[in-house]
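What follows is a single structure, written as structure tokens, with notes after it.
The first residue in the sequence is number 1, and the count goes up from there.
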Amino acid sequence: MSRDRAERTKILLVEDDDSMRRVIEFHLSEAGYDVSGVSGFATAQDALPASEFSLLITDLQLGDGSGLELLRIAGATVPAIIITAFATVESAVDAMKMGASDYLIKPFGKEQLLISVQKALRYSALLAENRRLRLLLESDFDNAGMLGTSAVMRDLFRDALQAAASDSTILITGESGTGKELLARAIHLNSPRRDAPFIPVSCAAVPENLVEAEFFGFKKGAFTGAVMDKRGKFEEADGGTVFLDEIGDIPPSLQVKLLRLLQEREIQKIGEAKPRKVDVRILAATNRDLAKLVAENVFREDLFYRLAVIPLCVQPLRYRRDDIPALVDHFLRRSCERLGRPLIAIEPDAMRLLEAYRWPGNVRELENNMERLVVMNRTGRVAAEDLAEQIREPAAAAPRPVSPGAPRGALPFALPAEGLPFEELERSVLLAALEKHDWNQSQAARYLGLTRNTLLYRMQKFGLKKRQPA
């Protein structure tokens, strides 16, 4: 932490040992912090509401009260460090339950103190920023429980809010586990159709021979086993929204009927002679490359363009690592509440590993890992060794340059044995080409040997946009 930043940080120190208080005050003041030292519970209790402190450091046992009670008064918005010469497991657990970020046993050195202070302030700043951005987003956008405060997620929420006001069809792309259905629900909740049904349908989960009946319904007697009329998903959602998940798996036989629905806003039940009008908005999602499926004649080109009137891309977690600390905190808290467990804390080394991991399963994988940590935890804290093995493993080695004289057509680097993150390389190459040509899309496309439409599709896939000056 820079000295300028430290000078804006106010710390309340509560220590009834005069010599110890003076030593701690000296170390913190020397580091640039604004320290207010008091000797007892009553003085600290009066000081806490009167001033905006960024950190509370308090002895566990005070002559006229308890440091734990001061934690309760300070509340969750002020991080706290407990110091004590009488350490017990029980008191440490109680302190962590009350929200203390660290527990220092006397005597401790200057370096240990400053590291603990920096860690507490860093974690507090992350939570404060998360709260600020969530309040900002929730004032305009009901995100349906979808979290994210990174730049790419703020852009996504802004675009989704604008798109929600229309009735246009939206195609949401993104890898499995990124939260595409949550985004679709958020769009519905922020649309004029919010009071009507939201009907999700997984195109991959319905057997192909039942897809038409599931989507459009049927009349009694239309086929063997049709003993009564059945309403399809589009009829059930009349006035509301249908969310077609995994749209890339819809069978070709149904693509024509879906195209007719998008064009004419009407369906025809199995066994009915005449079509009927329906008033539905369609949101679709896929983790597959629809442009590639179109090129392979697996997916209709006209349907693709009808679906992708407004394309939105939910970026994978490895492209928005700034969101990881807030997501970790959210999923830990939710799992602790659901399982009836006391809140557990993440140690800095463990958080660094979580932020460095690639998360191939995205937010869903992160959520499952946090639940496992809560279920298996015995100490009230999560250390690096508590994480799953694949998270603790070091990242794959960087590609090594090819030696001079390599044969014509060889790659400009050696392929590592551990594997290569192709999508990350593709994104990096696209970004470099765009920046090289000052974001002129036609020039960048020619440079990469792509058509401009292909470049635009891949820019949308990776969420690449030129940043406007503030």
Give a yes or no on whether the backbone of [Y] and the side-chain of [X] come within a donor-acceptor separation of less than 3.5 Å.
X    : Y    : answer
D59  : L62  : no
S29  : E25  : yes
D64  : A42  : yes
R320 : G148 : no

TODO: Would you check if T178 and W359 make a side-chain contact, meaning some heavy-atom pair closer than 4.5 Å?
DONE: no
Task: S66 side chain near Q61 side chain, heavy-atom distance below 4.5 Å - done: no
Look up atom [atom1] in [X] and atom [atom2] in [Y], then write down how far apart they are to the nearest 0.5 Å.
X    : Y    : atom1 : atom2 : value
N362 : R318 : CG    : CZ    : 6.5 Å
E435 : H437 : CD    : NE2   : 12.0 Å
R358 : R321 : CZ    : CZ    : 7.5 Å

Between [X] and [Y], which heavy-atom pair has the shortest distance, and what is it?
X    : Y    : value
E235 : R231 : O-NH2, 3.1 Å
L70  : Q45  : CD2-N, 4.1 Å
L455 : Q441 : CD2-O, 3.1 Å

Open item on the list: Check for me whether R427 meets the cation-pi criterion with Y319, that is, NZ or CZ under 6.0 Å from the six-membered ring centre and within 45 degrees of the ring axis.
Closed with: yes
Open item on the list: I want to check a possible cation-pi pair here: K10 against F53, using under 6.0 Å from ring centre and within 45° of the ring axis as the test.
Closed with: yes
Open item on the list: Any carboxylate oxygen within less than 4.0 angstrom of a Lys/Arg side-chain nitrogen, looking at D245 and K180?
Closed with: no
Side-chain polar contacts of residues 79-87 - donor-acceptor pairs under 3.5 angstrom, sequence neighbours left out - could you list them?
residue	atom	partner	partner atom	Å
T84	OG1	F86	N	3.0

TODO: Please name the residue in the list H188, R281, R193, R194 that meets the side chain to side chain donor-acceptor pair (under 3.5 Å) test with T241.
DONE: H188
